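All remarks here apply to the structure that follows.
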Amino acid sequence: SVFGDFSTDATLKMIKNKFSALSGPEIAVQKRTDEPPQQKIEQTIYMPKEQAVVMVGFQSPTIYDKDKYVVALARSILGSSLSGRIFVKIRDELGQAYTLGGEYSPGVDGGYTYFYVNTTDENVEKVKEVLLTQIAELETKAVTDQELSDSKSYMKGKFKMGLDSNASLGNLCSFEELYGIGYDNYKSYEQAVDAITKEDVQRVAKQYFDLNKAVVVLARPERAQPAINPE
């Protein structure tokens, strides 16, 4: 892809001169679909560090699914590092976190969403329960107009900032064209975000943030590891 201020005719001529002789076989890429866990998976790992981390992850929509915009917004309402529900509950009300947040990453074959809280080992179990409760409440606790508006503004602002150069715009358009979404799909991003309703958020929370299909990981200091009985 080529983005910028240039002569179309001259650029096309240069591309043809340099690359028209290239040839190769058609490549068929196999797609893989994995089912989400059928029950909650929990694991504790011990690491040489003093802090503890609680992480909760879910299988989420692919880049082809229209729900990807809704899941991204639901992730923002819950996991924005300075204003999301998790931040307000755990950091402001309990004061038991160093850093926290979440991310949604859609892919070709699948996607994932995760939320995390970095805390002390003494509070790790309590923080885990609060985190799980906040995720569950996204389905039952109504999204406010302010939450919806703030998250939409955040998403649209962040998206625009991510396309502030020819290189970043070219990268996005190239991949989305190769993925079959279309090079100009980015032009409809704001419209897709603006169309999201509070009911949409609760719907995807129920569908994708099901705690019965979550993966929960606690990373704890080595000093917290139970002693192994030699017998």
Side-chain angles (χ1 to χ4, degrees), residues 1-34 53 55 57-84 86-87 98-116 118 147-196 200-201 204 208:
S1 67
V2 183
F3 280 76
D5 183 11
F6 56 84
S7 166
T8 302
D9 292 338
T11 303
L12 284 174
K13 182 178 179 180
M14 179 183 68
I15 291 173
K16 289 178 180 179
N17 288 339
K18 289 182 176 295
F19 302 111
S20 61
L22 293 176
S23 62
E26 290 291 329
I27 298 176
V29 180
Q30 294 183 343
K31 290 187 177 181
R32 174 175 176 173
T33 302
D34 290 328
V53 183
M55 295 166 282
F58 304 90
Q59 189 180 91
S60 298
T62 70
I63 59 173
Y64 302 106
D65 197 317
K66 295 295 185 181
D67 275 345
K68 65 183 180 181
Y69 302 109
V70 190
V71 171
L73 190 129
R75 194 287 312 166
S76 177
I77 290 173
L78 267 181
S80 287
S81 58
L82 296 177
S83 61
I86 296 171
F87 177 86
Y98 297 117
T99 57
L100 52 80
E103 194 58 68
Y104 163 50
S105 179
V108 175
D109 295 325
Y112 63 87
T113 305
Y114 69 89
F115 303 96
Y116 72 93
N118 189 352
E147 286 179 317
L148 191 68
S149 176
D150 288 349
S151 294
K152 286 182 178 182
S153 296
Y154 170 78
M155 286 178 61
K156 291 186 291 184
K158 184 178 180 181
F159 185 76
K160 284 184 177 180
M161 290 176 63
L163 299 180
D164 62 351
S165 68
N166 289 329
S168 58
L169 186 59
N171 185 65
L172 174 67
C173 293
S174 297
F175 277 109
E176 293 206 329
E177 177 70 15
L178 289 171
Y179 293 152
I181 298 175
Y183 71 91
D184 58 350
N185 180 64
Y186 73 95
K187 296 179 180 179
S188 63
Y189 181 84
E190 288 197 14
Q191 182 180 357
V193 172
D194 285 335
I196 298 172
D200 287 331
V201 176
V204 299
Y208 295 107

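Computed from a predicted structure; not experimentally measured. Throughout, residue positions are numbered sequentially from 1 according to the sequence presented.
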Should we count [atom1] of [X] as having more than 12 external heavy atoms under 6.0 Å?
X	atom1	answer
L22	CG	yes
Y64	OH	yes
Y112	OH	no

Handout entry: K13 backbone acceptor or donor facing N17 side chain under 3.5 Å
Key =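 Present.
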Exercise for the section: Using atom types as modelled and distance alone, determine if a side-chain donor or acceptor of S168 lies under 3.5 Å from a backbone N or O of G162. Expected result: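 Such a contact is found between S168 side chain and G162 backbone.
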To the nearest 0.5 Å, how far apart are [atom1] in [X] and [atom2] in [Y]?
X	Y	atom1	atom2	answer
Y179	I63	OH	CD1	6.0 Å
L163	K158	CG	NZ	12.5 Å
K68	I181	NZ	CD1	4.0 Å
F3	N171	CZ	CG	10.0 Å
Q30	D109	CD	CG	10.5 Å
T11	K16	OG1	NZ	12.0 Å

Nearest heavy atoms of [X] and [Y], plus distance in Å:
X	Y	result
I77	S151	CG1-OG, 3.2 Å
Y114	Y116	CE1-CD2, 3.9 Å
L73	K152	CD1-CG, 3.4 Å
Y183	C173	O-SG, 3.1 Å
Q59	D34	NE2-O, 2.8 Å
T113	S60	OG1-OG, 2.6 Å

Handout entry: F159/V193 under side chain to side chain contact (heavy atoms under 4.5 Å, CB included): CA gap, chis, key distance, verdict
Key = CA-CA 11 Å; F159 185 76; V193 172; over 6 Å; no
Using side-chain heavy atoms (C-beta onward) and a distance below 4.5 Å, is [X] in contact with [Y]?
X	Y	result
D65	V71	no
K156	D194	yes
T62	V108	no
F115	R75	yes
Y104	P61	yes

Exercise for the section: Kindly state whether the ring of Y69 and the ring of Y189 have centres lying under 6.0 angstrom apart. Expected result: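 Yes: the rings meet the under 6.0 Å criterion.
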